[in-house]
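Below is one structure, written out as structure tokens; comments come after it.
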There are 2 protein chains.
Amino acid sequence: MGTWDTKPSFVRSDWPLIDCDIHNTVPSLETLYPYLPDYWCDYCRESAFGGPEMGDYPKGAATTALPDTTPPSDGPAGSDLELLRDQTLDFWEAEYGLLTCAYRVQTVHNEDLAATLASATNDWQVEHWLEPEPRLRASLVVPSQNPPLAAREIERLGNHPGFVQVTLPVRSLIPYGNRHYDPIYEAAVRHNLAIGIQYGGAPGIPPSPSGWFSTYLEEYAGMGQVFQAQVISLVAEGAFDRFPDLRVALIEGGFTWMPSVMWRIDKEWRGLRHNTPWVKRLPSEYMREHMRLTLQPMDAPPEPKELLRMIGQLDSDEMLMFSTDYPHWQFDSPEEALPIGLPESLTKKILAENARAFYRL
Amino acid sequence: MGTWDTKPSFVRSDWPLIDCDIHNTVPSLETLYPYLPDYWCDYCRESAFGGPEMGDYPKGAATTALPDTTPPSDGPAGSDLELLRDQTLDFWEAEYGLLTCAYRVQTVHNEDLAATLASATNDWQVEHWLEPEPRLRASLVVPSQNPPLAAREIERLGNHPGFVQVTLPVRSLIPYGNRHYDPIYEAAVRHNLAIGIQYGGAPGIPPSPSGWFSTYLEEYAGMGQVFQAQVISLVAEGAFDRFPDLRVALIEGGFTWMPSVMWRIDKEWRGLRHNTPWVKRLPSEYMREHMRLTLQPMDAPPEPKELLRMIGQLDSDEMLMFSTDYPHWQFDSPEEALPIGLPESLTKKILAENARAFYRL
């Protein structure tokens, strides 16, 4: 039986559903040529540049693509609107689908090339995704390795009603709480955009605080630690104090580590708060107010009862947002996309209400 | 009222107690001169070398030293046997106290100097700590940046009955699952020693996978992520498959993140296990069998009920070991050193039985 044969029981006409993590994929560098200035087209054609580093999802890894997601064009999974529409918006009967393009312009050392690739990617998103499909919303790709250039891109397109978020790869050379990134946050807040920090990236430093892992399993399972570091940095370095309207979605990073991080930093903050006088409240209060987490991949305990307890430990019904992480392979049966046994009110919040409020849809 | 005025209720003559994390502190580089060969004494005296990098516990930070732990000699907290004996072994009526010396020879780039400093530190531990106080056990300090030199030190002193563990700083340049470290594990296992991975270190790479934090609060609260990376590396890279008798204590790293790491890596292992064909069982099974965690600092939820649930999520009564983390300041009242409301059988395991079995005392 194929993945798409049976509708899960939580797809109901009276329960709106918003999928907060659908990866639309740039098929190839050549796809962007029509959107690039001549100079950069020539540069790409004449140099050895093959496009950004895209190793986050190796083609053959079991996690990379659900069965049957390769389009008829034979392009990469997630690159074809028709198929993506069938398998996400239509299948889940979604009110909205939020595109989280992971084209890694942040890995390009030539920052002007990175900026022009970001603009091309965003223009391609408008033409090929947002204009033909009104249920889609999208994430602005920005050259976050150079915050002023990233802010310029937000300035250019941030008022387009299809964009609801600016996306950053979770791996970075400098933690995201650092004032280095303020131009990005200032522009995002001014344009009513959330920040979506998503799995992956290739900033040149190891994906672990103890050096380079040897296997993809380690890197994939260990990405939660990178999210934790960013959460701590954002709160402790005062990003939410400098930008009280800043909203941050943590996309594809799991969520069961969140209570432990809250407990630890709240405890240490009591003793070390003189380090960070701008942090006026318990760190966990900032997290509950400003941060949201997407559901997939679920780093969940095997027992549904334990998962419910774990969600209770977040001490908030408003932090989790439904996501499929399409086309990545996170569940075998769509029924598994949502935890079993959630109370109805929480189910409805996770399925749509939390995302609607957070993204102001 | 002083910290040491009231005995906690769990100190009972019928409940043995083992403190698994007591930091004995080398007062100064000069303390080690009597244990150093002339060549290295001259080197230290004549060069600008001031000793290893010891920034893990800044002198003025609230977490660094409990009140009243400065010895009469005015040396650093933890440097005086009499006072340490009063405030740990005698106060807690401990059957054993496990010294976890954090003299960071691993930060010394001259690896021969690091090795000779490690030997001097260990000889000083024998003479000043183990010989005068039979309730103490100690951790071998080794130059782990050079595993063959570290193995040589384990070979030299590993049969001394006072040493029960080899200690490594959690921060490393290469993750601890890498075969690079096999000489250390081979020697430790052969001498019936555990590996004790402890808070801190200064390997030259950032303490976060997203670059350098700005404040000590971030580094202190974020150290749990470094432990998580090492846990993932040790299991995924097959350290326990290569060394079935390898035992690893995670010291001063918290423990409430452990269930989330187990859930995540178990899940991803199902899809990506072809990356690591040597990993024969669920990763969490290796963790429960080979790893133990010390209790302090407790990254615990404010509600005792939630903490009990969290301990239940470990799915093992055998992983936690009592520790005070003396002289670091982790609790105001000794009563807080142990979670409230634990069942008696679990209390006894945490207080002594788990450590007795793990360290083979």
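Remember, predicted model here, so these are calculated numbers, not experimental data. Proteins get letters first, then strands, A, B, ... in listed order; numbering begins at 1 in each.
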Residue A:Val170 versus chain B: region with a heavy atom under 4.5 Å |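 Looking at A:Val170, just its backbone touches chain B.
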message = Is A:Trp212 in contact with chain B via its backbone, its side chain, both, or neither, using a 4.5 Å heavy-atom distance?
response =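 Contact with chain B is through the backbone of A:Trp212 alone.
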About how many Å separate [atom2] of [Y] and [atom1] of [X], when rounded to the nearest 0.5 Å?
| X | Y | atom1 | atom2 | value |
| --- | --- | --- | --- | --- |
| B:Ser214 | A:Asn275 | OG | CG | 10.5 Å |
| A:Ile232 | B:Glu219 | CD1 | CD | 11.0 Å |
| A:Met310 | B:Gln313 | CE | CD | 8.0 Å |

For chain B, which residues of [range] have heavy atoms nearer than 4.5 angstrom:
| range | result |
| --- | --- |
| residues 276-284 of chain A | A:Thr276 |
| residues 260-273 of chain A | A:Ser260, A:Trp263, A:Arg264, A:Ile265, A:Lys267, A:Glu268, A:Trp269, A:Gly271, A:Leu272 |
| residues 171-182 of chain A | A:Ser172, A:Leu173, A:Ile174, A:Pro175, A:Asn178 |

Grab the two heavy atoms, one from [X] and one from [Y], that are nearest each other, plus how far apart they are.
| X | Y | value |
| --- | --- | --- |
| B:Ser210 | A:Val226 | OG-CG1, 3.3 Å |
| A:Leu217 | B:Ala236 | CD2-CB, 4.3 Å |
| A:Ser233 | B:Glu218 | CA-OE1, 3.4 Å |

Handout entry: Part of B:Glu303 within contact of chain A (heavy atom distance under 4.5 Å)
Key =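 B:Glu303 has no heavy atom closer than 4.5 Å to chain A.
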If one checks every heavy atom of B:Pro203 against chain A at 4.5 Å, the contacting part turns out to be neither
Do A:Arg309 and B:Glu306 have side chains that approach each other closer than 4.5 Å (heavy atoms only, starting at C-beta)?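 Counting from C-beta outward, A:Arg309 and B:Glu306 never come under 4.5 Å.
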Checklist entry - If we only count heavy atoms from C-beta on, is the A:Ser208 to B:Pro209 side-chain gap below 4.5 Å? => result no
Residues of residues 334-343 of chain B with a heavy atom under 4.5 Å from any heavy atom of chain A, in residue-number order, are none
- Could you tell me which of A:Gly312, A:Pro297, A:Ala300 has the largest number of non-hydrogen atom pairs under 4.5 Å with chain B?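 Counting heavy-atom pairs under 4.5 Å, the top option is A:Ala300.
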